[in-house]
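Some notes on the structure that comes next.
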Amino acid sequence: MDAPRVALLGYGEVGHVLAAGLAGKVPLRVYDPACPPGESEGFALVARNADAVREADVVIAVTSGADSRTAGAESRPHLRPGVLYADLSTGAPGDKRRLAELLEPVGAAVVDGAIMAPVPLRGLATPILAGGPEAERFAAFAAGLGMSVTPIGGAPGDAAARKLLRSVLVKGLSALVIESQRAAEEAGLGEWFWGHLVETVTSADEEFVVRLLKGAGQHGVRRVHEMEAATRMLESLGVPHTMTRATTAALDEVTRTGVPPIPS
């Protein structure tokens, strides 16, 4: 049986890694409007979206989230019935559903893919969640190429929701680390605070997370006052305090609405 023909849409950081990993394993055509056409080792960079997707059995889109719908609209007239269209861009669940609504009428099987770790670190083995009725089919295809795709079924948008919930946590934590470490440096306490930060993060367990939630509910008013004092300190240090102010507002909201339930 011939290897499935694959179109890769997007040749940025993720596209480069995936193209290098897929080259030589499947017939591969890559399209990115920012890249001139030409031959690369094991695949072709083509001049038009249509040249990439017209004969493809599988389309993998790794465009930016902002370009996801444009890529889908350009692909739509040229997709073969039954083609797997896996959109791995970072978008809101509603964006993924609208893409499926655009492409499913022409017979495409749309898969909502969510990349769950930095691709340059793990290449094709980067964990990906796949949502939608054809998620199992995409996972089976991907496994044969050395990709790590976990199907979750459901509908397009379900994988995106999981990724973005993780983003709220991890990117928010990153922003807090940046703001607090910057304030510590300005206060002349950078070395002490770094040790405290690393110890707090590395020793965290489920009990610690439960205390974060329960404590906010039990001591919300006191914690709001504490964070107001922290905001004034950062102001006096001349440090931007976006996350500190947002934390104050979030804790103030908790005093009225309570904390979310803790799963049993």
Side-chain angles (χ1 to χ4, degrees), residues 1-115 124 128 130-142 144-145 147 149 151 155-157 159-160:
M1 184 176 178
D2 292 338
R5 293 162 292 192
V6 177
L8 183 67
L9 304 181
Y11 197 51
E13 181 180 58
V14 175
H16 272 79
V17 173
L18 294 186
L22 295 174
K25 297 181 178 179
V26 291
L28 177 65
R29 291 190 166 200
V30 179
Y31 170 70
D32 190 308
C35 297
E39 293 295 325
S40 190
E41 187 173 348
F43 66 93
L45 270 165
V46 297
R48 300 181 303 159
N49 176 294
D51 297 331
V53 307
R54 185 178 290 115
E55 299 298 327
D57 302 299
V58 179
V59 178
I60 301 175
V62 288
T63 67
S64 69
D67 293 328
S68 173
R69 185 173 176 82
T70 298
E74 290 181 352
S75 300
R76 189 179 190 274
H78 312 289
L79 296 175
R80 304 172 64 196
V83 64
L84 270 174
Y85 191 103
D87 179 67
L88 308 189
S89 70
T90 299
D95 299 332
K96 301 284 187 155
R97 289 192 290 270
R98 284 186 286 274
L99 181 66
E101 291 166 0
L102 174 71
L103 298 181
E104 286 174 349
V106 299
V110 178
V111 175
D112 162 27
I115 299 172
L124 284 188
I128 296 171
E134 297 292 337
E136 293 272 3
R137 183 178 154 206
F138 178 63
F141 156 80
L145 298 173
M147 298 176 70
V149 176

Value for CG (Leu28) from CZ (Arg5), rounded to nearest 0.5 Å, stands at 13.0 Å

Correct closest heavy-atom pair for Ser75 and Val53 would be OG-CG1, 3.9 Å

So, Lys96 side chain and Gly113 main chain: donor-acceptor pair closer than 3.5 Å or not?
-> yes

What's the spacing between Met147 CE and Lys25 NZ if we round to 0.5 Å?
-> 9.5 Å

Can you label the angle between the Tyr11 ring and the His16 ring as parallel, tilted or perpendicular, going by 30° and 60°?
-> parallel

For Val14 and Leu88, what are the C-alpha separation, side-chain angles and deciding distance, and is it a side-chain contact (heavy atoms from CB on, under 4.5 Å)?
-> CA-CA 10 Å; Val14 175; Leu88 308 189; over 6 Å; no

State, to 0.1 Å, how close Ala52 and Ala7 come at their nearest heavy-atom pair, and which atoms those are.
-> O-CB, 3.2 Å

Backbone N/O of Ser64 and side chain of Asp67: donor-acceptor pair under 3.5 Å = no

Separation of Ile60 CD1 from Asp87 CG (nearest 0.5 Å) = 11.0 Å

Please check if the side chain of Arg76 supplies one atom and the backbone of Leu102 the other of a donor-acceptor pair under 3.5 Å.
-> yes

Distance-minimising heavy-atom pair for Arg137 and Val83 | NH2-C, 4.4 Å

Inter-residue atom distance Asp32.CG - Leu8.CG, 0.5 Å rounding = 9.0 Å

Determine, step by step, whether Arg69 and Asp95 satisfy the salt bridge (charged side-chain N to carboxylate O under 4.0 Å, His left out) criterion, reporting the C-alpha distance in whole Å, the side-chain angles of both residues, the deciding distance to 0.1 Å, and the verdict.
-> CA-CA 8 Å; Arg69 185 173 176 82; Asp95 299 332; over 6 Å; no

Within-4.5 Å side-chain heavy-atom neighbours: Pro156 and Leu99 | no

Above 12 or not: heavy atoms from other molecules or residues under 6.0 Å from CZ of Arg29?
-> no

Is there a donor-acceptor pair under 3.5 Å between the side chain of Asp112 and the backbone N or O of Ala160?
-> yes

Check whether any side-chain heavy atom of Phe141 sits under 4.5 Å from a side-chain heavy atom of Val6, and report yes or no.
-> yes

How long is the span from the CG atom in Leu18 to the CD1 atom in Ile128, to the nearest 0.5 Å?
-> 6.5 Å

Reported CG-to-OG1 distance for the pair Leu9 and Thr70, which is rounded to 0.5 angstrom | 11.5 Å

Shortest non-hydrogen contact from Thr63 to Ser89?
-> O-CB, 3.3 Å

Nearest non-hydrogen partners of Pro77 and Ala73, listed with the distance = CD-O, 3.4 Å

Looking only at non-hydrogen atoms, find the nearest pair between Gly15 and Val62 and report the distance.
-> CA-CG2, 3.9 Å

